[in-house]
There are 2 protein chains.
Amino acid sequence: MKFILRHKLSILYGISLAVLLLVLKWLEIKFIIYDHSLEIYIGAIALLFTGLGIWLAIKLTKPKVQVVEKEIYIQQNGDFVFNEKAFEKTGMSKRELEVLELMAKGLSNQQIADSLFVSLNTIKTHCSGIFFKLDVKRRTEAVEAARRMGLIP
Amino acid sequence: MKFILRHKLSILYGISLAVLLLVLKWLEIKFIIYDHSLEIYIGAIALLFTGLGIWLAIKLTKPKVQVVEKEIYIQQNGDFVFNEKAFEKTGMSKRELEVLELMAKGLSNQQIADSLFVSLNTIKTHCSGIFFKLDVKRRTEAVEAARRMGLIP
DNA sequence: TGCAATTTCACCCGAAAGTATGAGTGGAAA
DNA sequence: TTTCCACTCATACTTTCGGGTGAAATTGCA
């Protein structure tokens, strides 16, 4: 069933061609026309006008535009205060905090590297430092911990 | 000039018909076919396949997708309230939400699997579903998006 | 100027995450 | 009863992450 739905148009077109051939066969019997050049000629006409129809439809019909509304959720929490004390307690450097913030936004190490114009290896090093200082193992854990400590909103 | 531009399509179609007639005439001379039913038959074929072409084109042309971004503001006042509407809009299942919550706590896929007493592969499948429905690529991104939408605290 | 901390980068390797595809099961709806 | 969907699990593969280690370059401060 899936196959039929997926190839609906191909199948329909195939059927159309089959019908055309049948019509031609019928004509052959009807008029006892054995000159095959007529069949070829009719086929050419059919193709030509199919093309014409497609061209006409494309030119005449207004371009179909499907408007998709994408909702963007924006959180406005002005009540975030950076916990300076907690930050100092971790012993994190400024650069590490920068990386942590980008990490919390969901960026990959490569994206963070590109944002800060440094190499991927550098970001990895910073990550290791962050994980060590926050006493965590994974980036998601780090983000969770940092949020609880008030280092990021 | 204006007239030509305005009636471009009509003119072209007229020309097409004229060409068809000429072709028919040429055939009449060429094959000395005096049976007018053939002309009628060819005309019918032409019309039929023009229609087929139009129908095909209409069916085949994909609507251009235009994404309109709609901003939704959420005010966060201290304590967390679950955004039911946003949740329904994502189309996520209950199970996926469960996985998302554990994910946001910083658990690894294996830990989530152990918590929910299912296999690691199952969690991976759920993760893929979550990422698709939240339109993100990574777990950290998913957590960020879910938090903004008010799905998790 | 010299030292310490920070920042930068590199390489290797294993673990974890994520993709793609297919499939089986049970419950609810049509 | 059939169909649909959520949930489950699997295999195979690619990409990203993170650990370990070492080492330049830079910066800030004594």
Side-chain angles (χ1 to χ4, degrees), chain A residues 1-8 82 84 86-147 151-152, chain B residues 82 84 86-147 151-152:
Chain A
M1 201 57 202
K2 265 186 185 172
F3 177 86
I4 291 174
L5 285 173
R6 211 167 284 166
H7 300 87
K8 193 171 58 176
F82 181 70
E84 190 87 35
F87 174 64
E88 278 165 17
K89 215 168 282 177
T90 61
M92 271 203 293
S93 67
K94 278 178 296 177
R95 199 57 161 173
E96 284 169 340
L97 183 63
E98 273 188 277
V99 173
L100 180 59
E101 282 162 356
L102 295 177
M103 192 186 283
K105 283 186 184 170
L107 301 195
S108 70
N109 284 339
Q110 187 60 65
Q111 288 174 318
I112 296 171
D114 294 342
S115 302
L116 300 179
F117 304 104
V118 294
S119 87
L120 176 60
N121 291 309
T122 305
I123 299 303
K124 284 185 178 186
T125 306
H126 286 318
C127 284
S128 293
I130 292 166
F131 299 153
F132 175 74
K133 286 165 184 172
L134 290 181
D135 191 29
V136 296
K137 289 280 175 194
R138 279 171 296 281
R139 51 179 44 232
T140 41
E141 230 181 319
V143 171
E144 233 287 300
R147 211 180 293 275
L151 303 181
I152 49 178
Chain B
F82 182 69
E84 189 86 34
F87 173 66
E88 278 164 17
K89 222 162 271 177
T90 61
M92 271 203 292
S93 68
K94 278 177 294 176
R95 200 58 161 170
E96 285 169 339
L97 184 63
E98 274 187 277
V99 173
L100 180 60
E101 281 162 357
L102 295 177
M103 193 188 282
K105 284 185 184 169
L107 300 196
S108 69
N109 283 339
Q110 187 60 66
Q111 288 174 319
I112 296 171
D114 294 342
S115 302
L116 300 178
F117 303 105
V118 294
S119 87
L120 174 60
N121 290 309
T122 304
I123 297 305
K124 284 186 177 185
T125 305
H126 286 318
C127 285
S128 292
I130 292 166
F131 299 156
F132 175 74
K133 286 165 185 173
L134 290 182
D135 191 28
V136 297
K137 288 277 172 201
R138 278 170 296 282
R139 49 175 54 234
T140 41
E141 228 182 321
V143 170
E144 231 286 301
R147 211 180 293 276
L151 302 181
I152 48 178

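Within every chain, numbering begins at 1; the chains are lettered A, B, ... in the order of the sequence lines, protein sequences first and strands thereafter.
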Between C/dA17 (C1') and B/Ile112 (CD1): distance, integer Å: 11 Å
side-chain hydrogen bond (donor to acceptor under 3.5 Å, both in side chains) partners of B/Ser119, counting only residues at least two apart: B/Thr122
Rounded (10°) bend between the five-pair end axes of the helix from C/dT1-D/dA30 to C/dA30-D/dT1: 50°
Which residue pairs satisfy the salt bridge (charged side-chain N to carboxylate O under 4.0 Å, His left out) criterion with at least one member in residues 119-137 of chain A, sequence neighbours excluded? A/Glu96-A/Lys133
Where B/Ile130 and B/Ala142 come nearest, the two heavy atoms and their spacing: CG2-CB, 4.5 Å
What heavy-atom pair brings A/Leu134 and A/Met92 nearest, and what distance separates the two atoms? CD2-CE, 4.4 Å
Given C/dC9, D/dT11, D/dT8, identify the nucleotide with an atom nearest to the side chain of B/Asn121. D/dT11
Rounding to an integer number of Å, can you tell me how far B/Gln111 CD sits from C/dA16 P? 10 Å
Anything under 3.5 Å between a protein N or O and an N or O of nucleotides 20-22 of chain D, put it in a table, one pair a line.
none

So if I take residues 88-99 of chain A and measure heavy-atom distances to DNA chain D, which residues fall below 4.0 Å? none
Tell me every residue that passes side-chain hydrogen bond (donor to acceptor under 3.5 Å, both in side chains) with B/Arg138, counting only those two or more places apart in sequence or in another chain. A/Gln111, B/Glu141
Where do N or O atoms of nucleotides 15-17 of chain D meet protein N or O atoms at under 3.5 Å, pair by pair?
| from | atom 1 | to | atom 2 | distance (Å) |
| --- | --- | --- | --- | --- |
| D/dC17 | OP1 | A/Asn109 | N | 3.4 |
| D/dC17 | OP2 | A/Asn109 | N | 3.3 |

Per-pair distances, 0.1 Å, donor-acceptor, side chain in residues 98-105 of chain A, under 3.5 Å, sequence neighbours excluded:
| from | atom 1 | to | atom 2 | distance (Å) |
| --- | --- | --- | --- | --- |
| A/Glu98 | OE1 | A/Arg95 | NH1 | 3.0 |

Step by step, work out the side-chain contact (heavy atoms from CB on, under 4.5 Å) result for B/Asn109 and B/Arg139. CA-CA 10 Å; B/Asn109 283 339; B/Arg139 49 175 54 234; 2.2 Å; yes
Would you name the heavy atoms of B/Leu151 and B/Leu97 that are closest together and state the gap between them? O-CD1, 4.4 Å
Between the protein and nucleotides 24-30 of chain D, are there any N/O to N/O pairs under 3.5 Å, and if so, what are the atom names and distances?
none

Send over the distance from B/Lys133 NZ to D/dC5 C1', rounded to a whole Å. 10 Å
It should be established whether A/His126 places a side-chain nitrogen or oxygen under 4.0 Å from OP1 or OP2 of nucleotide C/dT8. yes
Contact between B/Thr140 and A/Leu107 at the side-chain level, heavy atoms closer than 4.5 Å - yes or no? no
Contacts of B/Asp114 that satisfy side-chain hydrogen bond (donor to acceptor under 3.5 Å, both in side chains) - sequence neighbours left out: B/Gln110
Which value, rounded to the nearest 0.5 Å, describes the distance between B/Cys127 atom SG and B/Asn121 atom CG? 11.5 Å
CD1 of B/Ile130 versus P of C/dG18: gap in Å, rounded? 10 Å
Output, in order, the C-alpha distance, side-chain angles, deciding distance and verdict of side-chain contact (heavy atoms from CB on, under 4.5 Å) for A/Ile112 and A/Leu120. CA-CA 8 Å; A/Ile112 296 171; A/Leu120 176 60; over 6 Å; no
Does A/Phe87 have any ring-ring contact (aromatic ring centres under 6.0 Å, His included) partners at least two apart in sequence or in another chain, and if so, which? A/Phe82
